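Read the structure below first, then the notes.
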Protein chains: 6
Amino acid sequence: MTNTLMNQLGVVKRNIVRADRAAVDQLGDYGSATVHEAMGRMGLMKPYMRPIHPARVSGTAVTVLLHPGDNWMMHVVAEQIQPGDIVVAALTAECSDGYFGDLLATSFMARGARALVIDAGVRDVRELGAMNFPVWSKAISAKGTIKATLGSVNVPVVCAGAFVAPGDAIVADDDGVVVVPAADVVRVAQAAAKREALEADKRAKLASGVLGLDMYDMRGALEKAGLVYID
Amino acid sequence: MTNTLMNQLGVVKRNIVRADRAAVDQLGDYGSATVHEAMGRMGLMKPYMRPIHPARVSGTAVTVLLHPGDNWMMHVVAEQIQPGDIVVAALTAECSDGYFGDLLATSFMARGARALVIDAGVRDVRELGAMNFPVWSKAISAKGTIKATLGSVNVPVVCAGAFVAPGDAIVADDDGVVVVPAADVVRVAQAAAKREALEADKRAKLASGVLGLDMYDMRGALEKAGLVYID
Amino acid sequence: MTNTLMNQLGVVKRNIVRADRAAVDQLGDYGSATVHEAMGRMGLMKPYMRPIHPARVSGTAVTVLLHPGDNWMMHVVAEQIQPGDIVVAALTAECSDGYFGDLLATSFMARGARALVIDAGVRDVRELGAMNFPVWSKAISAKGTIKATLGSVNVPVVCAGAFVAPGDAIVADDDGVVVVPAADVVRVAQAAAKREALEADKRAKLASGVLGLDMYDMRGALEKAGLVYID
Amino acid sequence: MTNTLMNQLGVVKRNIVRADRAAVDQLGDYGSATVHEAMGRMGLMKPYMRPIHPARVSGTAVTVLLHPGDNWMMHVVAEQIQPGDIVVAALTAECSDGYFGDLLATSFMARGARALVIDAGVRDVRELGAMNFPVWSKAISAKGTIKATLGSVNVPVVCAGAFVAPGDAIVADDDGVVVVPAADVVRVAQAAAKREALEADKRAKLASGVLGLDMYDMRGALEKAGLVYID
Amino acid sequence: MTNTLMNQLGVVKRNIVRADRAAVDQLGDYGSATVHEAMGRMGLMKPYMRPIHPARVSGTAVTVLLHPGDNWMMHVVAEQIQPGDIVVAALTAECSDGYFGDLLATSFMARGARALVIDAGVRDVRELGAMNFPVWSKAISAKGTIKATLGSVNVPVVCAGAFVAPGDAIVADDDGVVVVPAADVVRVAQAAAKREALEADKRAKLASGVLGLDMYDMRGALEKAGLVYID
Amino acid sequence: MTNTLMNQLGVVKRNIVRADRAAVDQLGDYGSATVHEAMGRMGLMKPYMRPIHPARVSGTAVTVLLHPGDNWMMHVVAEQIQPGDIVVAALTAECSDGYFGDLLATSFMARGARALVIDAGVRDVRELGAMNFPVWSKAISAKGTIKATLGSVNVPVVCAGAFVAPGDAIVADDDGVVVVPAADVVRVAQAAAKREALEADKRAKLASGVLGLDMYDMRGALEKAGLVYID
C-alpha cells in the first residue's frame, strides 16, 4: 500500500471498484455505532462531523479533494456519481466555507447520490432539509467559494481524520460517520448482524432489571482488579 | 471613515439613519447565502453564530457594546429599538454568559424588535422558542450577568468578526448572519434578485441531469488548468 | 472539607445521603437559569454540556469517575441508582468517546434513573430520543469503549468544571446543568420560588411596553456612572 | 461613519493619513497593556494573536484584505509600505495557511515595515527570527498559498476581532496587539504616559509590603459590598 | 464532605491548615509527572494550563474565586498569602482577560508567594519573566479588568477542572499543574521518592539498548492479548 | 490501494521498505515549507502539531497506532526502530494524555530514533529538551497512561490529518510536519533543490527593494483581474 496517488492533484479517476452493494445497504440498517464495533473500533471520522438534519444512510464513496475556499471540483465529482454513491469531500487545509448548497444538491440527487460527507461547511441547510438530502459536515456557513484551483476526484483521501479509498462503504447517522474498506464490507456486515442479533435479548434482560454486572459476569473481574465497596 | 466613536464607552446615540426598509425586507426573502454572494462575498459573521431555533429574518441594526459578564446596556438598548430593528450585541472580550432571556425578549418584542444577534450566550431558550423570538448567538448558558459597567449603544461595533454600523441591514437564517451596509441595501437587493431569478432555471436543468460542468461550460477551463482523466 | 476521598480510585460508596426529594423535584420546575440565580450564580457546568434532545429534569446525583476510553464503571454505577437519581459521569482526562448507548440506558431506566450527565460522548442518540431518556453530554460519538480500568462510584467529582458530591441536586434543561449542594436544596428552592413569583408581574409590565430602565429604576445609576445620550 | 469602502474588493488606496509618528513611537514604549488601559479598555485584538518570537513594536497600519488560501495581495500591499508601517492582514474567512515567509519578509523590510500582524498563518518562523522581523499571527503553518483572487489594500478591516482603519496606530508585544485610532494617538499617548508615571511609585510601595487593599483604599468598599472575614 | 462553603460568595477565610511544608517542598523536586503518577493519576489540571515562562515550583494553595472581567479579589487574596504559598485563582465563568500583571506580582512576591496558577489570562509577561515570578495560565491578554464584584478567598474551588482546597499542595512545571490534598502530601512524597529511585536504574538499562519489552517483561502479556508479528 | 491493513489491530509489521536515505536526509536541509511546496502543497499535518522545542529533522517513518490513554504499543514500536527513523504515533480517538517521557526517549535514542511525531500529549518536556530529543505533539500533559490494549505497529495510519505509510519520509521543523511518500522522495528532493536554488537570487532582489509585483511580473494579471488603484 503506497500513498503516491493520494498526493496527486488534477486527476479524475473514472473507474473505481465499489464495495458490494447488498452488504453496503445492509450496513446502513445497523448504524454507525454497531458497524464501528464490528470493525474493531476503527474507521470513525472525528465527532465534529455532524448531520445538518437527523438521518441514517449508507453508500459507496466517491471522493473529492478540495482546496480552502474553492469548490470547483464539486462539479467535476458530480459527473462521477453513480446511484448509491455518497460523495466524500476532503480538504487540503482547514476551511469552514459553504462549499455546497441546494443547486449542487439538485445535481447530486439527479445523479443518484445518497448523501454528502464534507470536512468543511455547507449552506442552504433549510432547503437541503426540504429536499431531504442528507449531509454531514464540519460547519454551516453562508460563505460561498471560488472556482480556480484543481483538486482531484476518486483518489484516496483523509476526511475528518479517517482514510477513505474510492469505493469504500460509508455508514452515517446521528452518531457519526464510519468508513468500511470495500474489501471488508461483507465480513463487517456479518459481524454487525451477529452483534445486532444479541442485542434484543440483552435489552430485554436489562429492561427487566438484570444488571450488566451480572449479565456480563463482571463482578469477579472487578474484585480481582481491586474494587472495594464501602458504606 | 475614522473609528473614534467606535471606541467610546458610555455613549447612547439616539438618532441613527436606518437602511431603506423595503430593501431590507426584500433581503430577508433571499436569505444569507444569496445576499452574501450579492455582496461580493463580504460581511458574513463567523460561522459559530448559530440560531437557537431555525428562523429567517431581516431588519435594521441597533447596536450595543457589552462587557464580559455584564448585561446592563441590554436595558439601555431596549429603549432605542424601533419596529423592524434587530439588536446586534458585541462584546469587549469573549464571554459565554447568558445575557438575554425571556424577560428581555418580552421587552424587545414589545418595542418591535425582530431578533437578537449576540456574540455571547443567551438563556431561557425553550421559552424563547415558545415566544417565537429569533436569536443568533455564540453560546447557550444558564449563567446570568451583573449590571455594573457602562458600554455603548448605537456605536459601530465588531460582532463575531463583522463590522456593523447602526442602521445597517442584518440578514440572518439557518446559514448564518450577514451585514449589509445601509448605503448598499438597494444595490445588494437588486443583485440578489438577479441571482435568485437565475436560480430557478439552473435548478430545473440540474434536476433534469444536466451537469454543472456543461451548464457553466467548465470543461475547457478545467482542461486548460491541466485536469487529467484516467481509468 | 478535605478532598482525599475525591482522589481515590477503585471505591464504590453504597450509602449516600440524598438531597430532600420534594425540594429537588421543585427545583426542576424552575429550570437551570432560575436555580442558578437563586444559588448566587454558582454551580453551573460549562456551557459545552448540551442536551442530545430538548428536556428538563431534576434529580439526585450518583457519581461515577471514568478513565478515557473505558466505560467499565458505568455498569458498576448502575447498581447504585435509586429512583429519582441522575448519573453524573466525570472523566480523569478529556475524551469524546461514546460511553453510553441504548443498552445502558435500558438498564439505567430499569433502575429508576431520570437522566445522565456526562463529560464525554454518548451514542445511539436516535434510540435514546425514542426511549425518552434525557442526556446532557460534551460530545456525540459512535466510538465505543473498553472495560479495563477501575474508577470510582459515589465519590465527589469535578464534572464539566463543576464540583458534584454524591446526593447533590442536579437541575438540567436546554440552558445547561446546575449543581445544588444537598444541604442547600430547600433554601435554594425557596429562593427560586421567590424569583419565579416576581417574574409574572415583570413579564406583564415589559409586555405592556414598560422599559426595564424604568421598572428596575436604572436611569439614575446609569447617569451617575456617566452615561451620555447624544443625537 | 459608513462601512461601504470596507466591503469593496479589488481596490488599492494609495494615499492614507498616518497617525502622528512621534505619538505612535511613544506608544511603543508603554506596551499593549498600558495603552489598552489608556484607551478605556478598547481596541485589543483577540488573545489568540501571538508573537512568533518575543518582541515589542509600534507603527502605523497599512491594511490588506485576503481570501482563504490566497496571498496574492501580500505582494500588492508591499508597494504601499512606508518606513514605520506595520502591515495588518485580515481574512474574509478563517484560514491557518502560511501566507508569509522569509522572502516576503525580506521585501517588507526593504520597504521599511516594522512588523506584520496577520489573522492567519505564517511560515519560515526560524528564518524570521534570525532576520529579527516581528510577526503576530493566529497560526504557524508550512502550507503555502495560491495567487488567484483580488482582495484590497488600505481599506478598513476587521482583524482578529478588532476594527483597523489604514493609518491607525498598532502597538504589539508579548501581551497582544492593540489598535489606536489615528485621531486618538496623541491623547492616548498622554494618558499612557500619566499611567506609567504613577506606576513606579506604586511598585515601590507594593514591593515594601504595602497591600493594594490599603494603597488603593479598598477596604471600605469591600466591606460595604458585604465582604466577610471568618476564621 | 459537603460542598456548601464552596458555593459561598463574599467570604475570606483567614486561617487555613497548610500541607506539611517539608513534604510540599520535596514534591517540587519530583515534578508534576512523577507526582501525578504517585497520586494514582489524579489531580491534574487541564493541559491548557501553560507556564508563561519555563519553571518548576511547589507550594501551598491559597485560593481565590473570581468573576469574569473582575480582579478585585486578587487584592484581597494578597493579604492572605504566607511565604511558601501559591495563589490558585478560579473563575465562575470562562474569561481570558488579563487579571494579573507586574504590580500585583510585586505585591505577591513581597508577601512571599511562590507562583500564581490562574484559570484565565495574565499580562506584562515580559516583565513577569524579568521578575522571575512563575505563572501558569489559560491565556495571555493585555485586557485589564474592573473591580466591582465580590468573590471569595480560601474557599474550595475548581480550577482548570481540578478541585483545590485551601492548603493543598500545588506542583507545577513545564508538564502542567498537579494538586495534592493536604492530608496526602507525606504519603505522596514517599511514593514519588520511590518512583524516582527506580528511574535511574531503568534509564541506564534503556540507554544501554535494553528494550522496555524485556525490562518490564511485556512479551508474554502482549502475546496473550493476541499480538501478531508479520514480515 | 486498499485500506484493509490500515484497520487491523494487534499487528506488528517487521519488514518495511524505507525511503531512500540520502534523499530523506537531503529533504531535512530544505525544511517543511519548501518540501511542502515541492510536493504540490500536499502531505502537511494539521498545524496544531508543534515542536516542544525548536528543531529541524528528517527521517523515515515507523508508525504506531495507539488507543486513548494507553501507551503499551510505544514499547512495541521501540523494537522496530532503526537508526534514522522517526516514530509517528497516531490515535484511534482524540487524547491529550502524556504518552511519552524521558524513559521512552532514552530507549528510542538508544535504538537510533531521530524524533517522535505524536497526535497526542507528551511529558518530561524539560528533560526531553536537555536530552536534545525532538518531539512534535498536539499537547503537553503530565498525565500518564495505562498498558492494556493492543494497537498496531508499521501499519498505515492517519496522524494529525495526514496519511503516513511505514517507510515514508517525515520532514519536521518549526513550521510543521510534512509526509513524503517513500516512492516520491527522490523526485521531491530534486524539486525542493530547484526551489531552493532560485530563492537566493530572489532574496537578493527583494532585499535591494525590487518588488514581488515586478519580480514575478504580476501587474498585468492584477490589472486584468480588475485591480483598481485610487488616491
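The structure displayed is predicted, hence computed values, not measured ones. All chains are named by letter (A, B, ...) in the order of the sequence lines, taking the proteins before the strands, and each is independently numbered beginning at 1.
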Enumerate, atom names and distances included, each donor-acceptor pair closer than 3.5 Å involving a side-chain atom of residues 100-107 of chain E, sequence neighbours excluded.
{"from": "E/D102", "atom 1": "OD2", "to": "D/R203", "atom 2": "NH2", "distance (Å)": "2.7"}
{"from": "E/T106", "atom 1": "OG1", "to": "E/D102", "atom 2": "O", "distance (Å)": "2.7"}

Worksheet item: Does the salt bridge (Lys or Arg N to Asp or Glu O under 4.0 Å) test come out yes or no for D/E37 and E/K143, once each step is laid out?
Response: CA-CA 8 Å; D/E37 290 287 343; E/K143 181 159 193 298; over 6 Å; no
Discussion item. Check whether D/D175 reaches the backbone of E/S141 with its side chain - one donor and one acceptor, N or O, closer than 3.5 Å.
Written reply: no
Discussion item. Using modelled atom types and a 3.5 Å cut-off, is there a donor and acceptor pairing between side-chain atoms of E/K13 and backbone atoms of D/D231?
Written reply: yes
Item to complete: List the steps, then state whether side chain to side chain contact (heavy atoms under 4.5 Å, CB included) holds for E/R111 with D/L211.
Response: CA-CA 9 Å; E/R111 306 292 297 181; D/L211 287 164; 3.9 Å; yes
Worksheet entry | E/V76 versus chain D, the contacting section by heavy-atom distance below 4.5 Å | both
Worksheet item: Less than 4.5 Å apart, any side-chain heavy atom of D/L222 and any of E/W72?
Response: yes
Worksheet item: For chain E, which of D/R50, D/K202, D/M45 has the most heavy-atom pairs under 4.5 Å?
Response: D/R50
Worksheet item: Taking only heavy atoms into account, what residues of residues 17-33 of chain D are found under 4.5 Å from chain E?
Response: D/S32, D/A33
Worksheet item: Relative to chain E, which segment of D/Y216 carries a heavy atom at a distance below 4.5 Å: side chain, backbone, both, or neither?
Response: side chain
Discussion item. Can you tell me how far apart NE2 (D/H36) and CZ (E/R123) are? Round to the nearest 0.5 Å.
Written reply: 8.0 Å
Item to complete: List the steps, then state whether side chain to side chain contact (heavy atoms under 4.5 Å, CB included) holds for E/E79 with D/R219.
Response: CA-CA 12 Å; E/E79 192 176 25; D/R219 293 190 192 271; 2.9 Å; yes
Discussion item. What's the separation between atom NE2 in E/H53 and atom CG in D/D174, rounded to the nearest 0.5 Å?
Written reply: 7.5 Å
Practice prompt. Report the C-alpha separation of E/M73 and D/L227 in whole Å, then their side-chain angles, then the decisive distance to 0.1 Å, and conclude whether the side chain to side chain contact (heavy atoms under 4.5 Å, CB included) test is met.
Written response: CA-CA 10 Å; E/M73 300 306 287; D/L227 191 67; 3.8 Å; yes
Discussion item. Taking every non-hydrogen pair under 4.5 Å, which of D/V228, D/D173, D/V210 racks up the most with chain E?
Written reply: D/V228
Discussion item. I'd like to know whether CD of D/E199 has more than 12 heavy-atom contacts from other residues, nucleotides or ligands below 6.0 angstrom.
Written reply: yes
Discussion item. If you count heavy-atom pairs within less than 4.5 Å of chain D, which of E/V122, E/I52, E/I146 leads?
Written reply: E/I146
Worksheet entry | Atom group of D/L44 that falls short of 4.5 Å from chain E, counting heavy atoms | side chain
Worksheet entry | Contact origin within E/T145 toward chain D - heavy atom pairs under 4.5 Å | backbone
Discussion item. Let me confirm one number: the CG-CZ distance from D/L206 to E/F108, rounded to the nearest 0.5 Å.
Written reply: 10.5 Å
